[in-house]
Amino acid sequence: MHGIASPVLTIAVILFALLASSAALIWAERRLLALWQDRYGPNRVGPLGILQSVADMIKILTKDDWVPPFADRAVFVLAPAIIVITVLTAFAVIPFAPGFAVADLDIGVIFFLAMSSLSIYSVVLAGWASNSKYALLGGLRGAAQMLSYEIFMGLSIMGVVLLAGSFNLGDIVEAQRDMWFFIPQLPGLLIFFLAGLAETHRLPFDLPEAENELVAGYHTEYAGMKFGMFFVGEYLGIMLVASMITTLFLGGWLGPVLPAAAWFILKTGLVVAVFILLRAALPRPRFDQLMGFGWKAMLPLALINLLATGAVLLAVTDAPLSTGIHDAGPR
Amino acid sequence: MIVSSNIIQDLASRFGGGSVEPQSTADDVPTFWTPKEKVREVLEYLKTGVEGPYRMLYDLTAIDERTRRKRHGQPESDFTVVYHLLSFDRNEDLRVKVALKGESPSIPTATGIWSSANWYERELWDMFGVRAEGHPNLRRILMPPTWEGHPLRKDHPARRTEMERYTLPLEKEVKEEAALGFVPREWGIYRTEENGTEFMFLNMGPHHPGTHGIFRIILELDGEEIVNAFPDIGYHHRGAEKMGERQTWHTYIPYTDRIDYLAGPLNNFPYVLAVERLAGIEVPERARVARVMLAELFRIASHLVWYGTFAQDLGQLTPVFLTFNDRERAYSIIEAIAGFRMHPAWFRVGGVQSDLPRGWDRLVREFIEYLPPRLMEYEKLIMENAIVRARTKGIGRLTLEQAIDWGVTGPNLRACGIEWDFRKKRPYSGYEQFEFEIPIAHEGDSYARASVRVEEMRQSLRIMEQCLENMPPGPFKSDHPLATPPRKERTMRDIETLIGHFLSVSWGPVVPAGEAAAGTEAAKGNNTYYLVSDGDTSSYRTRIRTPSFPHLQALPLMCKGFEIADLIAILGSIDFVMGDVDR
């Protein structure tokens, strides 16, 4: 009985915390943007407007659940569910505190990459099923952008994996007790961060939705809760990428005095704030510029980073250990 | 500069006296009549043959002469087509008039001579029913395709109440709905594929976040690359020119504010100047300087909106809030002076509405001190941003040749490497007394257009500072009997003045018959009001030549071969306002 209750409780706590914090994040983003843009932001509903997200949620839940007559109904409904499901599933491997993760997978990094690849379906299918030109263009942009940046994202983590000698996210955090990986892996962090921006299609990389060009891109035809799913999915995605950055590069839950989970939340919150700051500051590159930047700058940089990390590791570690890795293979 | 009589003499000796019949006007623009058969030849000669050629078709419009009484020996005409040409070499305008007879007149097209003639001739057809023979695609432009009649004809009603009761039965609704569809053939598109590539049509607007108002453009796309573009305007048309024939000279002023609705007084300016020219009113010095100060304030206000939205078009979220906040400060000044914010309607025929209020100088001084550091900040935030540069440099390039051919003026023209500014070239309202520079750029691309405007704001601040330091004392309105509203002081002393005041206020002043145009450097380019008076309390014909109209016409030229994202960057950089396009 206890054996089953504990993981279910963990899942419930994490699920609730994630959904609640994605709502809070929407409020936080609006307040932060307002602060940087010389205006107030939501400040009417509840103290400091904190209940604005609740009001929005009520509004969005009570809206007409409408599917345009020209859309491919089944796929149209499925698409927004995919993003929320994949992102939430990816959270399963994130260690929020020692031992506090839904699944302590030995292939945690790979699982995360797999889930974030699957989320592309959401954008592509939404763009396709909407049967509208703006949505289609957004879906196409999304597919090309996310597929490309997926590659650099995976490569940029490999340096961390080499250093930690493990694909297990808990082990990777533990391996950072002496030094957080953002110091030896600064290029890796930058690439992962940029790829994360592209994966979550946030400004400046919000080309799949680019309001001024494509109205709302792949979710142009969506309304009500189905649009809400994309919206929540986007914020969950930001938190996922921020959690991954915290776990891989910023020492995860590690830190003095405060409890482990508090450190994790603090670091993740900081990374999220950087996401929002970038949104406030930067304009959007053109599609071909984004792709060119990815393939011509990010890919070589990620490869060089991987090579250099491997070379340095080989040079500093003793010969037996390197053969040891060879014998045992990656753990 | 070649004196005005020369060109007409030159033409008369070349084409024979019967082909060139001069007319005098209240402005000093040389004006002559030429028969319909000769007009093409004459225009071609003016564009290419003459020394100091007229390279720009500045405006093309018509006058419905059928009910006009005081024509002072002008050739008989039912509809007069007026070509307004501009020569940069001479710094001189020329007006060519053609008399047309009958209910369905026509004129040979000028599209082969000036590219900008295309839309103007469509407007001619739409508004007057004057057909341009040989025009590539003569369709309505401002009115909906289902409209019946030609609104600027004198027999077309000007008010809702003069028309039949409006109903929308089902079949009419279906017809109207269908008229909004896009049929490539109607736009002269017959080829929709090339080398096996089938193109996609994308309808952008009239409601689209990137089009700055209700503007529609249909894109022919190969992937995201723009093969061709077809702008569709008229969704913001409010019949401003028709209203000019209905309102009195005085009560039309607030309507002009709303043409380029971001730059109120910059619209009042050419209108009151044109009326003053017709009426022969001298404006007192204090009013002239106050007008200049407000014009420059609104140039800044308009440019600030452009600055923010330009960045927003490139995906930058923050600048638009910052620049709108700054514009708010400009509005607090005009609010103190005129009591209004966006559309102050503060200019009057013969001066301004009221004297500057006590303490105005402090407000202006604060603004002049406040803005430069902000502009520096925006420079770093927007103009020096690497992504902004990558998005705008080399995008939407216009050569000087093309810009002139398409009637482009203002900052967009100056970005192509020519110093052409009415404030310097044809100073009005005392601009010749101010020290300021005309910023230019040479690349002609989106970035160049943006950088010209950014520098213009600094120059406008310079002018405002000089107004502040040198505001002359004296009256703020002319004593001329036609100045509006008339001075009240003496009305209670004798009955004649009281009667005069009463008539001028209730009916409005009667402006002497004649024609005059006044052009100014507005925020978006050259703005000209061409007024025809028939000696009445309202204008016989009010023609508003706005800068944004030709700018939008040149858009397909600028965006061909670029991508959708570039189109938005170009739209942001040319700084148009739909009110200014559609009137």
Side-chain angles (χ1 to χ4, degrees), chain A residues 29-30 32-41 127 131-145 194 197 201-217 219-220 275-293 296-297, chain B residues 182 200-205 207-212 218-219 221 223-226 308-326 328-329 374 377 380-395 562-572:
Chain A
E29 166 157 51
R30 293 178 65 182
L32 276 176
L33 280 179
L35 180 73
W36 288 319
Q37 293 171 345
D38 279 1
R39 55 193 179 90
Y40 292 115
N131 203 4
S132 133
K133 288 172 185 171
Y134 286 106
L136 180 67
L137 285 172
L140 284 175
R141 281 181 178 193
Q145 166 181 333
L194 289 175
L197 273 181
H201 33 87
R202 290 269 303 174
L203 252 171
F205 294 163
D206 69 337
L207 287 88
E209 33 200 315
E211 190 200 357
N212 318 75
E213 299 155 25
L214 300 183
V215 188
H219 59 65
T220 303
F275 264 89
I276 297 171
L277 182 59
L278 276 187
R279 181 175 175 199
L282 288 182
R284 175 192 309 125
R286 205 173 54 217
F287 184 60
D288 56 310
Q289 290 166 345
L290 179 77
M291 297 303 272
F293 177 68
K296 289 176 195 155
Chain B
F182 177 69
M200 176 173 97
F201 288 107
L202 183 70
N203 176 60
M204 215 178 222
H207 301 287
H208 185 285
T211 55
H212 294 233
I218 290 142
L219 303 173
L221 295 173
E224 283 208 26
E225 194 189 307
I226 297 167
T309 50
F310 171 64
Q312 169 119 32
D313 283 338
L314 299 170
Q316 213 168 8
L317 281 182
T318 303
V320 73
F321 294 104
L322 306 180
T323 59
F324 268 69
N325 279 353
D326 291 350
E328 204 56 32
R329 288 172 189 257
R374 300 287 288 188
E377 202 175 307
K380 276 188 227 141
L381 187 64
I382 305 169
M383 300 304 284
E384 287 171 17
N385 184 300
I387 300 177
V388 169
R389 283 168 183 249
R391 285 287 309 275
T392 53
K393 287 206 165 175
I395 303 297
F562 290 106
E563 302 200 357
I564 297 177
D566 296 326
L567 169 75
I568 303 299
I570 295 167
L571 279 177

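Chain identifiers are assigned alphabetically (A, B, ...) following the order of the sequence lines, protein sequences preceding nucleic acid strands; residue numbering begins at 1 within each chain. Below, all heavy atoms of this structure are taken into account, side chains as well, without hydrogens, waters or symmetry copies.
- Contacts between A/R141 and chain B at a heavy-atom distance below 4.5 Å involve the side chain alone, from C-beta outward.
- Legend: residues meeting ring-ring contact (aromatic ring centres under 6.0 Å, His included) with B/F321, ordered by chain and number and at least two apart, are absent.
- With sequence neighbours left out, the ring-ring contact (aromatic ring centres under 6.0 Å, His included) criterion links A/H219 to A/F227, A/F230.
- When heavy atoms are compared at a cutoff of 4.5 Å, B/N325 approaches chain A solely by way of its side chain, counted from C-beta outward.
- Residue B/I395 touches chain A through its side chain alone, counting heavy-atom pairs closer than 4.5 Å.
- With a 4.5 Å cut-off on non-hydrogen atoms, A/R39 touches chain B through its side chain but not through its backbone.
- Interface residue B/I568: only side-chain heavy atoms are found under 4.5 Å from chain A.
- Judged by distance alone, the side chain of A/R279 and the main-chain N or O of A/L33 form no donor-acceptor pair under 3.5 Å.
- Among the candidates B/I382, B/N203, B/L221, B/L314, the residue making the largest number of heavy-atom pairs closer than 4.5 Å to chain A is B/L314.
- Ion pairing between B/E224 and A/R286 fails under the 4.0 Å rule for side-chain N and carboxylate O.
- Taking B/D566, B/T211, B/T318, B/D313 one by one and counting their heavy-atom pairs under 4.5 Å with chain A, the maximum is reached by B/T318.
- Here the closest non-hydrogen pair linking B/V388 and B/T392 is O-OG1, 2.7 Å.
- Within the model, atoms CZ of A/F287 and CD1 of B/I564 stand 11.0 Å from one another, a figure rounded to the nearest 0.5 Å.
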